[in-house]
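Bear in mind the structure is a predicted one, so any value in this text is a computation, not a measurement.
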Amino acid sequence: MKKSLFALSFIALFGFGLTSCNKCVTCGSCPDGISLSDDAGNDVSEKEICEDDAASKEDYDAGIAIIEAFGCTCK
């Protein structure tokens, strides 16, 4: 009984760990005249952007596409 309870607990925690992964990219290497801003409004050379920061996955994908359209690289 204890072994099966342990196995179920392990599976539940593992499943939770997989669903709580956060997709993030780091954007930088922008051309001259293009800069990224941090949350305080300061210009930065690189910025990490996470999917959890956007209202939806579509908004996240659109935001990354806009940054890349200005010539920056997101990895």
Side-chain angles (χ1 to χ4, degrees):
M1 179 72 170
K2 288 183 181 181
K3 285 184 180 182
S4 62
L5 182 61
F6 176 75
L8 287 174
S9 298
F10 180 75
I11 291 170
L13 287 173
F14 182 74
F16 177 74
L18 289 178
T19 60
S20 65
C21 291
N22 190 10
K23 181 180 177 186
C24 297
V25 295
T26 301
C27 297
S29 302
C30 298
D32 291 339
I34 303 295
S35 62
L36 300 171
S37 299
D38 63 9
D39 295 335
N42 303 316
D43 288 346
V44 294
S45 60
E46 287 188 338
K47 179 172 177 147
E48 182 180 60
I49 302 169
C50 296
E51 194 171 324
D52 286 348
D53 297 335
S56 67
K57 181 172 177 11
E58 291 78 22
D59 288 347
Y60 171 78
D61 291 338
I64 299 300
I66 290 170
I67 292 170
E68 289 178 333
F70 279 109
C72 302
T73 303
C74 296
K75 301 180 196 178

**Request:** Under the side-chain contact (heavy atoms from CB on, under 4.5 Å) rule, what do Tyr60 and Asp52 come out as? Steps first, then yes or no, please.
**Result:** CA-CA 8 Å; Tyr60 171 78; Asp52 286 348; over 6 Å; no
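- You'll find the side chain of Cys74 reaches within 4.5 Å of the side chain of Ile67, heavy atoms only.
- With rounding to the nearest 0.5 angstrom, the CG atom of Leu36 is 9.5 Å from the OG atom of Ser29.
- Cysteines Cys27 and Cys72: SG-SG separation is not under 2.5 Å.
- Between the Asp53 side chain and the Cys50 main chain, a donor and an acceptor come within less than 3.5 Å of each other.
- Once rounded to the nearest 0.5 Å, the distance linking NZ of Lys75 with CD of Glu46 reads 8.5 Å.
- Between Asp59 and Ala55 the shortest heavy-atom distance is OD2-CB, 3.5 Å.
- Summarising the local packing, CG of Asp43 is surrounded by more than 12 heavy atoms from other residues, nucleotides or ligands at distances under 6.0 Å.
- Annotation: the span from Ile49 atom CD1 to Ile64 atom CD1 amounts to 4.0 Å, rounded to 0.5 Å.
- In the hydrophobic clustering of this structure, Val44 groups with Val25; members are Ile, Leu, Val, Met, Phe, Trp, Tyr whose side-chain heavy atoms approach within less than 4.5 Å, directly or through other members.
- Rounded to the nearest 0.5 Å, atoms OG1 (Thr26) and NZ (Lys47) are 11.5 Å apart.
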